[in-house]
There are 2 protein chains.
Amino acid sequence: MLQTFVLFLHSVNTSVGAVGPNESGCGNAVKKNQKETIYDIAAKAGASASTVSAALNGTWEKRRISRATAERIIAIAREQGYSINLQARALRTSRSGLVALLVPEYNRFFSSIAQTFSDEVRARNQCPVIISTGRDTQKEHDTVTDLMSWSIDAIFFVGAVAPDELSRQCQSADIPHVFVDQPCDLAPSVVTDSRTGARILTREILSSMTHRGVRIGESPRDTIYFLGGDRRLPSTRNRVEGFSDAVYAHVGHLEPEQVIAETYDLDAATESIAALYRKMGGLPRGLFINSDSVFEGALRFLATLPEAELAECSMGCFDYEPLGQLLRFPVHMMRQRHKMLVQRAFTLLEDKSPPVTEMVQPELYPAPGSRDPEGRAFSR
Amino acid sequence: MLQTFVLFLHSVNTSVGAVGPNESGCGNAVKKNQKETIYDIAAKAGASASTVSAALNGTWEKRRISRATAERIIAIAREQGYSINLQARALRTSRSGLVALLVPEYNRFFSSIAQTFSDEVRARNQCPVIISTGRDTQKEHDTVTDLMSWSIDAIFFVGAVAPDELSRQCQSADIPHVFVDQPCDLAPSVVTDSRTGARILTREILSSMTHRGVRIGESPRDTIYFLGGDRRLPSTRNRVEGFSDAVYAHVGHLEPEQVIAETYDLDAATESIAALYRKMGGLPRGLFINSDSVFEGALRFLATLPEAELAECSMGCFDYEPLGQLLRFPVHMMRQRHKMLVQRAFTLLEDKSPPVTEMVQPELYPAPGSRDPEGRAFSR
DNA sequence: CCTCGGTGCACAATCGATGTTGCAAACATT
DNA sequence: AATGTTTGCAACATCGATTGTGCACCGAGG
């Protein structure tokens, strides 16, 4: 993960670790096992527990402990391999040093988020706790309840299903929190600008259809479909809107059936695209795929088709999948800036921001060999 | 994640949650914010704190509290939205209810492991803590030190770099632990049988080379290369051995330069394969890719080549990557059984197993259209 | 010599839950 | 009625760190 990962809240001094593989060279290694406390250290240093506490947690200057005493204590603690009991600290201070990240599941996007999150948390000398809630409202709620029992210091919600209720729950327990990739009216949020992103991606797909000579709207197959996601969720809704914007601007009309957005489920995606294929007797000429999991699901079906058929369909995926650019057919992708999302979220949290929603633009990764709207070939 | 996620250790009774969005309908919602304790509940129930404690944590029968009293207390706690302070419990009992998983990074394989791990932990009413240590010995050590401060109940190490030292560290603090995907002599371990797996995968690659008419060994390019991973790590070592076994059995000899295994780094993989290509004036006819990250790195270079060149190389990847089967060229894959790995690890831990190493066989996913050793076409 | 403002530290009260111990009352036994 | 034996619960010490308070001691100033 990151740097030294000192869990301790205050000063680096506290981390007096390095127990070493076993400093007792004596054959019958008497593990000085069970925990030493500040009282033990105090005894060995000829000081009081409170002095030891102050020395070790870095508050010794404020508490007017002499530098000499503090350093002596720190040295002893280090050599004894003392390790603080964080439950005791948390109980006393009612701050646990735990920061939670709730994600719907562990896919590529959320894993990236998790990685960045962990790094940031540990850079702050706190401990990241990452939990997935499977897009289930009840689990989200229960998880927060449980985190409260841990005196959690802050919670980051990613793609929460019921943000408002979660926010109320956190507020009632005074837990600082932010939402990522899913806006909430009641708390600060950082989201990808899905609507704009979807508009751009759709435009890209449409443009590549045009370049392939498709006359959009001429037949039912000569159009673009939106596949996957859950239209009850804002992110999907925004993407559908961006998609619609672009389609309207380019084509002038959009049939309801062109948007298939009931679920993020992988198998459902496989089935949807297969059904579409059967119904139309072939792939549509354009396809907007709503996320990497939907992408994977769709690919299960697409992989069964001959290449020639795939070549007839221009695709775009609202997510970045590195291997996606190496498929047997071109796919445009929108990459969410996960690092920026998380870092902005930290900023909002630390600034005790009011309930604003920050937008982060995703990046377009055009399919290799595709052309930009002006017709120049992209080079990546 | 999973089911109800009651963090509480003992009985379900303890979970008296469901604060509800706000049961105080009164306009000026006076958040009954700051925590209620068992003392408050005790006062309201006309009982003592110890009785409340017993009632709530399910030990009331043992403590000979009458059912009537217990149920009254539980009802009050529920209606007050009482939430236990787990730090206090952990301090008192010196069991935190936290179970940690240390992974090198968040890639697809480790994320799958993490998901299974989380589910299992939560099924046991404990709290999963997942931390990545970036394959850094020092970070591993420090992380364990910190986890000790949390009175962690158990640690799962996945792909640890220095297992022996970690095990000693855990032993000296009496922390139950297991190793996954990386054996340790001092503690129970569950690993993928890399050697056998690599042998099978290599055989598959060689056989597909043969079917393509390659006469192995005839020219420097008419052979198979091993790419990526860190030969200082047992998993890579075992894969190299399995690779060597198969090559020796099939070809009779193996040049040292056929094995490139210095690092898992993605960029290094890109560079390695590019260098190989330059040196030999083309791709080797066979390529064993050591992990999904190496795969991704290699693909960055491979994607720049014309398809005709890719078609000349038989590839195998020791990891499963769903999109890998949909590339413009066939790739055999070995899938590690992540779920089984984790579940076995739990079993070993719960049985307080001695330091044994359990092997789990990976599954071969042959490239679509490839043939098994007897020459029959695979059908998937 | 006596007070006064720093220093430098020890004491003791917390934080909230657990669990051992002990003590009433209720009931049973002879 | 006197003596066990349950039943049902309250008191209290405890886990280990933090922190408000107080009190010695020191040198300086009057």
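Proteins get letters first, then strands, A, B, ... in listed order; numbering begins at 1 in each. What you see below is based on every heavy atom in this structure, not just the backbone, and it leaves out hydrogens, waters and symmetry mates.
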Integer-rounded Å distance: [N] [atom2] and [X] [atom1]:
{"X": "A/Arg95", "N": "D/dA17", "atom1": "CZ", "atom2": "C1'", "result": "15 Å"}
{"X": "B/Glu36", "N": "C/dC15", "atom1": "CD", "atom2": "C1'", "result": "16 Å"}
{"X": "B/Glu61", "N": "C/dG19", "atom1": "CD", "atom2": "P", "result": "16 Å"}
{"X": "A/Trp60", "N": "C/dA10", "atom1": "CH2", "atom2": "P", "result": "16 Å"}
{"X": "A/Arg89", "N": "C/dG16", "atom1": "CZ", "atom2": "C1'", "result": "18 Å"}
{"X": "B/Gln87", "N": "C/dA17", "atom1": "CD", "atom2": "P", "result": "11 Å"}
{"X": "B/Glu71", "N": "D/dG8", "atom1": "CD", "atom2": "C1'", "result": "15 Å"}
{"X": "A/Leu56", "N": "D/dA17", "atom1": "CG", "atom2": "C1'", "result": "10 Å"}

A/Asn57 side chain N/O closer than 4.0 Å to the phosphate oxygens (OP1, OP2) of D/dT18?
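Affirmative; the distance criterion is met.
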
Are any of B/Tyr82's side-chain N or O atoms less than 4.0 Å away from OP1 or OP2 of C/dA17?
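Indeed, a polar side-chain atom of B/Tyr82 lies that close.
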
Can you pull the salt bridge (Lys or Arg N to Asp or Glu O under 4.0 Å) pairs that have at least one residue in residues 48-60 of chain B, sequence neighbours excluded?
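Counting only pairs at least two positions apart or across chains, no salt bridge (Lys or Arg N to Asp or Glu O under 4.0 Å) contact touches residues 48-60 of chain B.
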
Which pairs, with at least one residue in residues 44-56 of chain A and sequence neighbours excluded, count as a salt bridge (Lys or Arg N to Asp or Glu O under 4.0 Å)?
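Listed once each, the pairs are A/Glu36-A/Lys44.
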
Working note: B/Glu350 + B/Arg124, criterion salt bridge (charged side-chain N to carboxylate O under 4.0 Å, His left out); need CA distance, chi angles, decisive distance, verdict.
CA-CA 11 Å; B/Glu350 283 161 359; B/Arg124 287 163 177 75; 2.4 Å; yes

Can you list everything that forms a side-chain contact (heavy atoms from CB on, under 4.5 Å) with A/Ala42? Sequence neighbours excluded, please.
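Listed in chain order: A/Val52.
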
For B/Leu91 and for B/Arg72, find the nucleotide of DNA chain D with the closest heavy atom, then tell me which residue's nucleotide is more 5'.
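Here B/Arg72 is the residue nearer the 5' end.
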
Is it true that B/Ser111 and A/Ser111 share a donor-acceptor pair across their side chains at a distance under 3.5 Å?
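Note: A/Ser111 and B/Ser111 side chains meet the donor-acceptor criterion.
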
Between A/Gln87 and B/Ser149, do the side chains contain an N or O donor and an N or O acceptor separated by less than 3.5 Å?
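No, no side-chain donor-acceptor contact under 3.5 Å.
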
Could you tell me whether the side chain of A/His177 reaches within less than 4.5 Å of the side chain of A/Phe157, counting heavy atoms only?
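In contact.
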
Does any non-hydrogen side-chain atom of A/Arg89 lie less than 4.5 Å from one of A/Asn57?
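A/Asn57 reaches A/Arg89 side chain to side chain.
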
Going by number, which of residues 38-50 of chain B have a non-hydrogen atom under 4.0 Å from DNA chain D?
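Of all residues in residues 38-50 of chain B, the ones placing a heavy atom under 4.0 Å from DNA chain D are B/Gly46, B/Ala47, B/Ser48, B/Ser50.
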
Ignoring hydrogens and geometry beyond distance, is the side chain of A/Arg92 in donor-acceptor contact with the base of C/dT14 at under 3.5 Å?
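Donor-acceptor pair under 3.5 Å: yes.
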
Counting any heavy atom closer than 4.0 Å, what does A/Ser53 reach on the DNA or RNA strands: base, sugar-phosphate only, or nothing?
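Contact class for A/Ser53: base.
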
Name all residues meeting the ring pair (Phe, Tyr, Trp, His ring centres under 6.0 Å) criterion together with A/Phe156; count only those two or more places apart in sequence or in a different chain, and write none if there are none.
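Partners of A/Phe156 by the ring pair (Phe, Tyr, Trp, His ring centres under 6.0 Å) criterion, ordered by chain and then number, come out as A/Phe117, A/Phe346.
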
Are there any protein N/O atoms within less than 3.5 Å of an N/O atom in nucleotides 4-8 of chain C, and if so, which ones and at what distance?
| from | atom 1 | to | atom 2 | distance (Å) |
| --- | --- | --- | --- | --- |
| C/dG8 | N7 | A/Arg64 | NE | 3.3 |
| C/dG8 | N7 | A/Arg64 | NH2 | 2.5 |
| C/dG8 | O6 | A/Arg64 | NH2 | 2.8 |

